[in-house]
Amino acid sequence: MPIEILMPALSPTMTEGNLARWLKKEGDEVHSGDVLAEIETDKATMEVEAVDDGRMGKILVPEGAQGIKVNQAIALLLGEGEDASSLIEAPKAAPAPPVPPPPREREEGRGEGPGPAPPSPAPHRNGARIFASPLARRMAAQANLDLSALRGSGPQGRIVKADIDAALGGGTKPSPAAPTPAPAIARATVDLTGDAPSTLKPHSSMRRTIARRLTESKQTVPHFYLTVDCRIDEMLRAMKALPEELRISINDFVIKAAALALRQVPAANASWSEEGTILWERADIAVAVALEDGLITPIVRGADQKGIAQISAEVKDLASRARAGKLKLEEFQGGTFSISNLGMFGVREFAAVINPPQGCILAVGAGEPRPVVENGQLTVATVMTCTISCDHRVVDGAVGARFMQAFKRLIEQPALMLL
């Protein structure tokens, strides 16, 4: 009996995903550990590995398909001694429900290759179906280009990126895109604002997940907030004294200081569970990274045990791969404490929403010159405002205050981080 390859749950929040690309085709030999396909989740694009040996018998879900439910069969694997006749009685996967394409596309060149998939349908025009890749559709929409005027060069006449590039380079005149009718609920929302012009941007899987988790956080987690002002002149002087090739940032110091403060105040490194308070023995710092349509929190594990230069290198690598959608599951799932830094945008102060099951998140503002009183005299110092959001079920006010006291001391005396 053929073995069903199922749509995997690649994260605790995943209920469906998109099949970006098949790396095996029908008839290919498959060995345990081989990468079969690339799956787009609500967080990133991830690889799916085979757990059995065999031969790819039938692909049930084509690459480019979207909205595939977890545990839905996506392919059939023939075992030893089985041939194509075994597929006759094999179950067929239910067709995946159509959903709007996500606004963040795959890296160019990784979803356009040949394969067993039929072309993806673009919207109907004048009663005729137009086939185009998701990337080609997005490029056409951005350029206001009419797909019905193009001839596709991809498999089965599919319009691909090269066709859009050729059309734009060749001077094909774009035609106005047909307006997309808004759903009734969106129409009602728009009507409340009067005659203001608007467009409807469909939610991506990531945006839906962010909305659901943050709503749950504010509805179920009793937040409280503590704010301190940190003078960072000593830190800035230390940064200038470092070799230029190290390129250490303020955020790197913040990560290290937060990790060491958690070690000094371990009661703040906690999570709520119905059975009891979980006290984490390692400071795994999740760092918020902005993406095109949301954010992701790659993790610096054991940051309290790492030097600032190592933390800096890890953060750069994680952020780069996060924006390319190439993080592994274990690189962004988990974490015991989060940091969100908006200082680079000039934000002076803000309060972040806790990412359950973590007990705290630290919001970091911009460092800026401010008047301060020192020894009874008014002077100017570079000050950075930081606010911690705490889950009051596991972190009491005094615990949060001790953490912020330890954090402030480390930030203002960066030499202590080297001990």
Side-chain angles (χ1 to χ4, degrees), residues 223-242 248-270 280 283-288 300 303-308 311-312 315 335-352 354 358-392 394-419:
H223 289 57
F224 74 89
Y225 311 96
L226 302 170
T227 300
V228 296
D229 289 333
C230 303
R231 295 178 60 167
I232 61 172
D233 297 283
E234 285 295 326
M235 181 190 300
L236 295 176
R237 280 191 282 271
M239 290 170 59
K240 288 181 180 178
L242 292 172
I248 304 296
S249 71
I250 291 177
N251 203 50
D252 301 326
F253 278 94
V254 168
I255 294 169
K256 178 66 174 180
L260 290 177
L262 288 175
R263 195 163 72 187
Q264 295 175 23
V265 188
N269 199 20
W280 303 105
D284 291 347
I285 308 296
V287 183
V300 181
D304 55 318
Q305 303 293 329
K306 295 175 179 176
I308 295 176
I311 289 173
S312 179
V315 170
T336 67
F337 186 97
S338 286
I339 292 174
S340 179
N341 190 338
L342 295 179
M344 66 286 295
F345 298 104
V347 174
R348 175 172 179 159
E349 179 180 350
F350 70 105
I354 294 170
Q358 295 173 14
C360 300
I361 183 170
L362 182 68
V364 181
E368 59 183 8
R370 299 183 201 170
V372 297
V373 176
E374 184 176 296
N375 299 323
Q377 299 295 319
L378 188 64
T379 185
V380 175
T382 308
V383 178
M384 178 177 72
T385 298
C386 299
T387 300
I388 191 171
S389 306
C390 299
D391 181 347
H392 214 327
V394 293
V395 177
D396 292 330
V399 172
R402 286 201 300 272
F403 170 86
M404 292 301 278
Q405 186 180 49
F407 173 79
K408 175 182 171 73
R409 180 168 176 260
L410 289 162
I411 288 292
E412 294 188 341
Q413 302 178 56
L416 296 176
M417 298 189 219
L418 306 178
L419 300 178

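Nothing fancy with the numbering, it's 1 onward along the sequence.
- Contact detail for Leu410 and Met417: the closest heavy-atom pair is O-CE, 3.2 Å.
- Partners of Glu234 by side-chain hydrogen bond (donor to acceptor under 3.5 Å, both in side chains), not counting sequence neighbours, listed by chain and number: Arg237.
- In this structure Thr382 satisfies the side-chain hydrogen bond (donor to acceptor under 3.5 Å, both in side chains) test together with Asp233, sequence neighbours excluded.
- The side-chain hydrogen bond (donor to acceptor under 3.5 Å, both in side chains) pairs that include a residue from residues 255-266 number zero, where partners must be two or more places apart or lie in different chains.
- For the pair Ile255 and Ile339, the minimum side-chain heavy-atom distance is below 4.5 Å.
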Side-chain atoms of residues 341-351: list all donor-acceptor pairs with protein atoms under 3.5 Å, sequence neighbours left out, distances to 0.1 Å.
from   : atom 1 : to     : atom 2 : distance (Å)
Asn341 : OD1    : Gly343 : N      : 2.8
Asn341 : ND2    : Asn251 : OD1    : 2.9
Arg348 : NE     : Glu368 : OE2    : 3.4
Arg348 : NH1    : Glu368 : OE2    : 3.4

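- Closest of all the heavy-atom pairs between Pro369 and Val380 is CB-CG1, 4.0 Å.
- Among all heavy-atom pairs drawn from Met404 and Leu226, the shortest one is CE-O, 3.9 Å.
- Between the CD1 atom of Ile311 and the CD1 atom of Ile248 there is a distance of 9.0 Å, given to the nearest 0.5 Å.
- The two residues Pro414 and Phe253 have their closest heavy-atom pair at CB-CE2, 4.1 Å.
- The two residues Val399 and Val265 make their nearest non-hydrogen contact at O-CG1, 3.9 Å.
- Side chain of His223 to backbone of Ile354: a donor-acceptor contact under 3.5 angstrom is found.
- Not one N or O on the side chain of Thr387 forms a donor-acceptor pair closer than 3.5 Å with the backbone of Ala363.
- For Glu374, the side-chain hydrogen bond (donor to acceptor under 3.5 Å, both in side chains) partners are Arg231, not counting sequence neighbours.
- Between Val395 and Ile388, the closest side-chain pair of non-hydrogen atoms is not below 4.5 Å.
- Below 30°, between 30° and 60°, or above 60°: for Phe407 and Phe403 the angle between ring planes is below 30°, a parallel geometry.
- How far CZ of Arg409 is from CG of Leu260: 11.0 Å, rounded to the nearest 0.5 Å.
- Of the possible donor and acceptor atoms, none in the side chain of Asn269 sits under 3.5 Å from a partner among the backbone N and O of Pro266.
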- Task: Check the pair Ile250 / Met239 against side chain to side chain contact (heavy atoms under 4.5 Å, CB included), numbers first and verdict last.
- Result: CA-CA 8 Å; Ile250 291 177; Met239 290 170 59; 3.8 Å; yes
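- What you find for Ile411 and Ala257 is that their closest heavy atoms are CD1-CB, 3.7 Å.
- Atom OG1 in Thr379 sits 14.5 Å away from atom CZ in Arg370 (nearest 0.5 Å).
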- Please test Asp229 against Val372 for side chain to side chain contact (heavy atoms under 4.5 Å, CB included), starting from the C-alpha separation and ending with a verdict. CA-CA 11 Å; Asp229 289 333; Val372 297; over 6 Å; no
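- Not counting sequence neighbours, Asp396 has no partner by the side-chain hydrogen bond (donor to acceptor under 3.5 Å, both in side chains) test.
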- Query: Where do Ile285 and Lys306 land on the side chain to side chain contact (heavy atoms under 4.5 Å, CB included) test, with the steps shown first?
  - Reply: CA-CA 12 Å; Ile285 308 296; Lys306 295 175 179 176; over 6 Å; no
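- Taken from SG in Cys360 to CZ in Phe337, the straight-line distance is 5.5 Å, to the nearest 0.5 Å.
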